[in-house]
2 protein chains.
Amino acid sequence: MTSRSQTIADTLTRAIIDHRLVPGCKLGERELAEIFDVSRIVVRQALIRLADDGLAQIERNRGAFVAKPSMQEAMEIYDALTLVEQGVAAQLSDRLGPAGWAELRQHVERQRQAVAAGNDALADVLGQEFHTVFVRLSRNKVMQEIHAQLVRRTTLLRSLITADFDYCNLLDDHSRVVDLLEKGRLKQAMDLIDTHHRTVVRGYIMDREVFAEMTPAEALAPYLDGKADGATLVPSRKPARTSGNGDSAGHVHVHLPKTDRASTSRASTKKTNRGLPT
Amino acid sequence: MTSRSQTIADTLTRAIIDHRLVPGCKLGERELAEIFDVSRIVVRQALIRLADDGLAQIERNRGAFVAKPSMQEAMEIYDALTLVEQGVAAQLSDRLGPAGWAELRQHVERQRQAVAAGNDALADVLGQEFHTVFVRLSRNKVMQEIHAQLVRRTTLLRSLITADFDYCNLLDDHSRVVDLLEKGRLKQAMDLIDTHHRTVVRGYIMDREVFAEMTPAEALAPYLDGKADGATLVPSRKPARTSGNGDSAGHVHVHLPKTDRASTSRASTKKTNRGLPT
DNA sequence: ACCATAAGATTGGATATCAATCAATAATTT
DNA sequence: AAATTATTGATTGATATCCAATCTTATGGT
């Protein structure tokens with residue numbers, strides 16, 4: 001059995017990944033303690049874990065908030081992610097056996113089928129998972145954890161951001177990376193990884209209040225008590241968008257007027273942006 | 001002002017880096033609470049931070065211990081470190097300006113002078129710092145933190161390990177890396193980084209009880225109350241060895257008989273191994 | 001010698017309490 | 001009336017004490 005603070009940290013992480021808790025959201029100790037029905041101390045420990053992961057920031061005597069990365073930090077996160085995935089690519093091009101390549105191809109194929117079937121939600125999940133599978137094949141748990149942490153932090157950015165670019169160039173990037181790597185064209189594969197992330201970042205436009213705010217109580221309600229897995233837990237995971245290959249969403253042009261902390265717009269429109277490119 | 005648990009975590013980290021707290025060492029809550037004169041809860045929070053950093057492992061209802069990486073994990077940590085530094089090298093070869101190269105050369109030069117002056121302690125510190133400076137020049141704070149964490153974890157390994165290889169090939173590696181990079185020979189530089197770490201790891205031999213154990217109270221005494229900086233805090237930082245370029249120690253052939261948890265050998269011989277290659 | 005049980009110690013957590021600090025209001029001054 | 005100051009309230013950081021669960025060790029019986 002893991003510690004209570006760990007499970008709470010995991011739940012909060014899940015909620016952040018699902019964009020139910022958005023950057024800047026206050027994570028009050030007493031509030032969370034009531035929600036999870038634990039003492040404040042356990043909540044504090046969970047928040048420390050989140051802060052260590054870069055998902056929350058704790059300000060002395062002011063409390064914890066969901067981290068709100070700056071544009072600068074966003075670039076750094078994506079740079080680091082690129083660096084890690086390029087490095088893994090280099091390792092895989094040397095060391096990966098037939099089984100590994102098969103797994104990658106199978107994953108890409110599953111994603112393609114999901115797209116073909118119009119199951120955008122599944123395609124999204126698979127698209128996100130591709131990177132994880134990719135790194136897992138390095139068989140380096142340390143690297144996996146670092147990568148996973150970076151990926152989690154990118155989800156923060158997608159809460160803050162309005163996508164504004166042409167997704168066409170990103171189509172089939174995963175497939176092409178696998179192709180290039182297996183053919184030994186490492187340099188091109190690495191460039192493609194770089195371009196992939198760079199294009200995504202370039203399209204990002206920092207914007208406040210893209211998502212409707214939810215109180216922690218509302219945001220966390222689906223995760224409590226229910227023992228079901230994440231897929232079924234959050235109904236709003238299915239993104240409301242037009243099309244995509246699972247790694248990208250349809251054009252989303254949401255440029256809300258930059259209201260400063262509009263505390264009025266609470267729990268109103270459930271505008272979710274899941275499915276933005278990874 | 002930072003939180004108390006953070007400063008305690010920092011102190012424990014420092015003690016671990018200085019090999020005063022060795023892998024496997026029990027970190028009892030009550031004991032540490034008395035040492036730092038805080039409540040157990042603060043200690044727990046500090047231990048959670050250490051565990052998140054990979055420097056401690058917490059076993060339910062058994063407590064926290066200084067992490068004791070397996071040989072497998074050791075390899076993974078060094079692989080990850082290599083990957084990160086290679087990636088940074090690639091970035092620097094593109095983007096680093098004259099000032100950056102100058103800083104690297106200056107650092108190498110300072111280390112060389114320290115070696116020439118026979119100031120092995122300083123040379124050691126500079127040798128360790130080189131990697132940090134190297135990564136800092138990427139101007140990516142996220143990457144810096146990841147790298148620093150990996151470096152911290154490698155110090156764990158040096159507590160567990162007996163070095164057993166020829167250090168000659170490692171001499172001037174730093175200088176050569178800078179040379180190669182500035183000349184645009186990225187591939188060779190990356191290979192050299194790989195070889196550097198690989199040679200170090202290959203020479204490692206997992207061995208128990210290479211270092212004398214200290215109780216946490218003894219280990220932490222130098223860090224308490226004194227407001228001096230780390231350099232003057234720990235007198236035992238000057239390693240007792242023959243020669244080296246600051247990035248490596250002289251031949252250290254310490255193959256102690258593998259005693260199982262010899263709780264007898266406590267606070268006896270202060271055998272420190274600082275200055276092993278990075 | 002060996003296994004089982006009981007005692008002791010340690011951890012994980014809850015609750016209540018207190019000081020310090022921040023935020024927001026109310027009161028005062030100009 | 002506007003701006004500044006003072007007061008109040010709320011939240012955090014931290015402590016002390018207490019309790020249950022679990023692990024470790026010591027004891028005792030076979």
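Each chain gets a letter, A, B and so on, in the order the sequences are listed, and its residues count up from 1.
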Are [X] and [Y] packed together at the side-chain level, in the sense that at least one heavy-atom pair is separated by less than 4.5 angstrom?
X         : Y         : result
Ile48(B)  : Arg49(A)  : yes
Leu47(A)  : Leu32(A)  : yes
Arg158(B) : Thr155(B) : yes
His147(A) : Leu81(A)  : yes
Ile146(A) : Leu150(B) : yes
Leu156(A) : Ile16(A)  : yes
Val42(A)  : Phe36(A)  : no

(message) Between Lys26(A) and Glu31(A), does the side-chain contact (heavy atoms from CB on, under 4.5 Å) criterion hold? Intermediate values first, please.
(response) CA-CA 10 Å; Lys26(A) 175 74 184 289; Glu31(A) 190 179 7; 5.6 Å; no
(request) Mind running a 4.0 Å heavy-atom check of residues 2-10 of chain B against DNA chain D and sending the residues that fall below it, in number order? (result)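 Those residues are Ser3(B), Arg4(B).
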(message) Can you list everything that forms a salt bridge (charged side-chain N to carboxylate O under 4.0 Å, His left out) with Glu129(B)? Sequence neighbours excluded, please.
(response)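 Per chain and number, Glu129(B) pairs via salt bridge (charged side-chain N to carboxylate O under 4.0 Å, His left out) with no residue.
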(request) Work out how much the helix from dA1(C)-dT30(D) to dT30(C)-dA1(D) bends between its end axes, five pairs an end, to the nearest 10 degrees. (result)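 One end axis against the other gives 10°.
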(message) Closest-nucleotide mapping onto DNA chain C: is Gly28(B) or Asp37(A) further toward the 5' terminus? I mean the 5' end.
(response)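 Whichever sits nearer the 5' end wins; that is Gly28(B).
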(message) Is it the case that atom CZ in Arg139(B) sees more than 12 heavy atoms from other parts of the structure closer than 6.0 Å?
(response)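 Check fails, neighbour count at 12 or below.
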(request) Identify the 5'-most and 3'-most nucleotides of DNA chain C with at least one atom closer than 4.0 Å to a non-hydrogen atom of chain A. (result)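 Counting from the 5' end, contacts occupy dG13(C) to dA23(C).
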(message) Just verifying a value: how many Å separate Thr132(B) OG1 and Gln144(B) CD, rounded to the nearest 0.5 Å?
(response)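 The OG1 atom of Thr132(B) sits 9.0 Å away from the CD atom of Gln144(B).
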(message) Could you measure the distance from the CD atom of Glu29(A) to the CD1 atom of Ile41(A)? Nearest 0.5 Å is fine.
(response)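 Glu29(A) CD to Ile41(A) CD1: 9.5 Å, rounded to 0.5 Å.
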(request) For the pair Glu76(B) and Lys141(A), evaluate salt bridge (Lys or Arg N to Asp or Glu O under 4.0 Å) and give the outcome as yes or no after the intermediate values. (result) CA-CA 7 Å; Glu76(B) 292 184 2; Lys141(A) 288 224 176 74; 5.7 Å; no
What protein N or O atoms touch nucleotides 21-26 of chain D N or O atoms at under 3.5 angstrom, if any, and at what distances?
from	atom 1	to	atom 2	distance (Å)
dT24(D)	OP1	Arg62(B)	NH1	2.1

(message) Working note: Leu55(A) + Leu12(A), criterion side-chain contact (heavy atoms from CB on, under 4.5 Å); need CA distance, chi angles, decisive distance, verdict.
(response) CA-CA 9 Å; Leu55(A) 263 52; Leu12(A) 290 173; over 6 Å; no
(message) I need the residues from residues 39-48 of chain B with at least one non-hydrogen atom less than 4.0 Å from DNA chain C; give them sorted by number, or say none.
(response)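 Hits under 4.0 Å, by residue number: Arg40(B), Arg44(B).
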(message) One pair to check against side-chain contact (heavy atoms from CB on, under 4.5 Å): Asp10(A) and Arg14(A). What are the steps and the verdict?
(response) CA-CA 6 Å; Asp10(A) 289 344; Arg14(A) 183 80 243 164; over 6 Å; no
